[in-house]
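Chain A is the first sequence line, chain B the second, and so forth, proteins listed ahead of strands; every chain is numbered from 1.
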Amino acid sequence: MYKNALCALPIMLAMASPALADPGQTPDEVLQALIDRSDSAYLTQSEQNLMMMQDEPSYWVIEQGEILFKEPRGPKKASLEQCDFGKGPGVLEGAYVEMPRYFADTGKVMDLESRLMHCMKTLQGFTDEDKAIKDKHGNTDLVKIQTFIAAKSNGMAWNPPMDHPLEKAMRGAGEEFFYRRAGVSDFACSTCHGATGKRIRASVLPNSSIPDEWTKAVSWPAFRVGHEAVRGSQHRVSECIWQMRQAEIVYGSEAAIAIIAYWTDKARGQPAILPDLKR
Amino acid sequence: MSEVKIRAALKDGKCEVKALLTHPMETGRRKDPAGNLIPAHHIQTVELLHNGNLMVEADWGGAISTNPFFSVSLNNVASGDTIEVRWVDNKGETSSGSVKVK
Amino acid sequence: MKPQQQRRLFIKGTLAGGAVVAAAGLGLIQPRLVLAAWPTDAFHSNSLEEALNKVFGSSTLEASDKVVLKAPGIAENGAVVPISINAEQLENVESISIFSEKNPTPLVARFKLKPGCVPEVSTRIKMGESGDVIAVVQAGGKLYSATTNVKVTVGGCGG
Amino acid sequence: MFNKTRIAALLAATLLPGVPASADKPTSAAQVDYTKMTPTELTEYLIFEANGFKLDQPAQEGKTARERMTQDELQKTCSALRGKPADAATAQKVAELARDSHVYPEGGIKLGDWKKGRGLAREGAGFRLGPKVDDNTKKLGGNCYACHQMDPKEITFGTIGPSLSGFGKLRGNTPETQKYVYDVVYNAHAYFPCTNMPRFGANGFLNKDQITDVMAYLLDPESPVNL
């Protein structure tokens with residue numbers, strides 16, 4: 001118990017810091033508050049996106065996700081309201097900013113997307129072959145539902161638990177992968193996210209070591225303006241690795257979860273922008 | 001997939017109406033991967049009605065973005081009023097949606 | 001707030017659908033006129049001046065700071081450039097129009113506003129290349145305008 | 001260092017040989033104790049043994065995605081720095097590896113066509129695997145502008161690498177500069193150990209002729225880079 005209390009201390013400090021935004025804010029207000037106390041060129045680079053954020057197309061995706069979440073669906077005709085995202089069955093407020101986390105029922109560290117698929121299988125009876133799970137990216141059930149769930153953590157500080165040894169192990173592997181150069185271009189995640197204010201073409205890149213800009217980088221789901229679609233964390237992982245000319249990463253794999261575990265930890269204490277809007 | 005999504009919110013004495021339409025908005029100048037011109041297919045006229053009264057009539061060309069978004073504001077709107085948005089495109093297709101102001 | 005979805009098809013310019021027919025019967029709208037009213041010549045004009053003349057019968061604009069035009073100075077994505085125009089400082093605004101000078105056909109949109117509308121509109125437009133965006137507000141028989149330049153650039157990893 | 005024997009032992013005790021693990025089923029974590037592995041071991045395990053990547057996909061260089069994920073000596077050595085600058089011993093080792101990789105055109109290095117070089121500097125496609133496999137018959141490029149400023153009139157350029165605007169004007173179009181530029185594009189680690197820059201020649205991203213074209217774009221007095 002004593003040890004647990006010690007572990008909780010830095011978390012409490014983080015929550016007491018001004019980094020924690022007012023949960024009543026909209027995503028654009030959360031971002032504006034970050035911009036007001038930071039000099040990050042990454043946060044302010046796109047006047048276009050800052051304007052568009054005030055009318056995010058993803059607001060409609062949240063509404064669609066809420067309907068899908070509450071509707072009895074699948075062979076078992078059940079809703080997802082009994083799904084445990086880590087804070088107890090049906091508790092969505094603040095659940096996403098505390099993921100990935102260890103789940104005793106699966107014995108695994110899971111991120112939002114893999115946990116959602118798990119509940120759709122166990123509670124609703126869907127299988128990998130069903131459209132509801134098979135269609136990962138785009139205008140899909142998975143994207144709509146995760147956007148609804150994630151929005152319940154808007155403005156809250158990222159706070160993924162690091163109590164279970166597996167949570168630490170996965171974060172450690174994610175960090176290792178972050179620096180792991182491979183493929184025909186010798187790229188690693190750190191190639192683009194290891195320095196401040198650097199640009200790739202016209203885009204300012206976020207530095208993983210600057211938490212108040214990194215929080216925007218890991219704030220998924222986000223509406224990708226160039227894709228005309230809402231994208232999730234798994235999509236971001238996949239697309240970066242694709243641009244890095246490495247192999248195709250498997251959606252929901254533990255490799256992807258490890259990367260997400262590390263990147264979420266690097267934003268610890270900073271308010272999540274959910275849903276965000278990106279280039 | 002011709003949804004019309006509308007939000008109408010009373011704020012500072014006026015009603016801000018935001019609408020998101022589903023439409024490809026082809027200009028007629030784009031080419032498909034085989035190099036053939038994709039024919040123009042875009043919304044031409046959008047109407048916004050408040051309790052059945054025409055308030056905004058907009059003419060659009062193909063340079064409005066795909067899946068168009070627009071917002072306008074109205075005075076003299078009360079909670080419970082109906083806001084309707086409808087459009088017609090250059091092929092004569094049409095769609096509409098309505099919402100009650102909260 | 002759940003939008004009620006309805007879908008109808010135009011058949012030779014005649015609206016099918018009870019609610020709309022009823023509304024037309026009350027003389028509130030005239031659906032048959034809608035298609036005919038779309039100003040084809042104006043939308044097909046390939047110069048700003050010609051487009052202005054076709055829409056307004058005049059290309060004389062009075063630049064005015066009462067027309068507040070907002071657009072991003074740099075747009076990494078020319079396919080969705082957010083534009084917002086506010087003309088609340090002008091009386092009797094009849095319409096707000098958007099032109100993109102470098103587009104092959106500069107007229108983008110025209111919003112005709114009835115009394116009771118607040119003279120402000122926002123939308124998102126396509127721009128093939130960097131150039132001026134011009135907002136034209138028709139009020140009291142005059143044309144007031146505001147102009148801003150938008151640079152269209154490339155972001156991301158490229159390729 | 002990643003210990004293959006140790007992973008193999010862990011595997012032998014737990015997993016049936018030849019049965020690929022699924023991403024969704026609680027196989028790996030339940031059966032292999034991740035907490036007993038070092039971060040490096042776990043990372044290698046998640047990539048190669050836990051269905052982390054589609055490893056059997058063919059890659060355009062004639063190998064498979066598995067080889068893409070397998071690190072060579074230089075990649076391993078540089079990854080271990082964790083983003084910090086190379087120490088003297090690492091720098092020496094990496095520079096030697098790089099120098100050994102340089103292959104020059106028959107008949108020596110000659111300036112290529114700066115216009116072709118410009119195309120290669122602008123284009124960024126090529127070598128990407130799933131989910132969208134690049135059509136590698138066209139638009140292949142070095143994507144130099146992603147990281148470098150070159151033609152001063154081009155406004156969208158990256159800053160991960162140094163600006164190369166006016167490079168030829170500054171350095172001169174001498175045989176020595178030509179060899180230097182060729183070497184850097186081919187394998188920059190010879191001069192900048194553990195640089196972020198890809199080994200365009202050594203990794204087969206650009207062929208020798210293409211490298212001389214990029215070289216011309218940087219050095220040719222007619223090239224817009226030097227105007």
Pull out the residues in residues 84-104 of chain D that come under 4.5 Å of chain A, heavy atom to heavy atom, sorted by number.
none
Interchain contact, [X] with chain D, by part (heavy-atom threshold 4.5 Å):
X: S185(A); answer: both
X: L205(A); answer: side chain
X: A195(A); answer: neither
X: S114(A); answer: neither

Go through A65(D), G130(D), A80(D) and name the one with the most non-hydrogen pairs under 4.5 angstrom from chain A.
G130(D)
Max heavy-atom pair count under 4.5 Å with chain A, selected residue of R82(D), E154(D), M197(D)
R82(D)
Highest number of heavy-atom pairs under 4.5 Å with chain D: which of G183(A), P165(A), G194(A), A169(A)?
G183(A)
Most heavy-atom pairs under 4.5 angstrom with chain D, which of F187(A), F177(A), Y179(A)?
Y179(A)
Considering only heavy atoms, which portion of [X] lies under 4.5 Å from any heavy atom of chain A: side chain, backbone, both, or neither?
X: E61(D); answer: side chain
X: Q71(D); answer: both
X: T195(D); answer: backbone

Donor-acceptor under 3.5 Å ([X] side chain, [Y] main chain):
X: Q124(A); Y: A78(A); result: yes
X: K76(A); Y: T122(A); result: yes
X: T43(D); Y: P39(D); result: yes
X: R199(A); Y: F157(D); result: yes

Assign the ring pair F205(D) / F127(D) to parallel, tilted or perpendicular, where the plane angle (0 to 90°) is split at 30° and 60°.
tilted
Side chains of D209(D) and T212(D): any donor to acceptor distance under 3.5 Å?
no
For the CG atom on D39(A), are there more than 12 heavy atoms of other groups (residues, nucleotides or ligands in this structure) within a distance under 6.0 Å?
no
For a side-chain contact (heavy atoms from CB on, under 4.5 Å) check, start with the C-alpha distance between K108(A) and F103(A), then their side-chain angles and the critical distance, and finish with the verdict.
CA-CA 6 Å; K108(A) 295 173 88 169; F103(A) 288 89; over 6 Å; no
For the pair C240(A)/C192(A), is the SG to SG distance below 2.5 Å?
no
Is W263(A) close to C189(A) at the side-chain level, that is, under 4.5 Å between some pair of heavy atoms?
no
Heavy-atom side-chain contact between S208(A) and F178(A) under 4.5 Å
yes
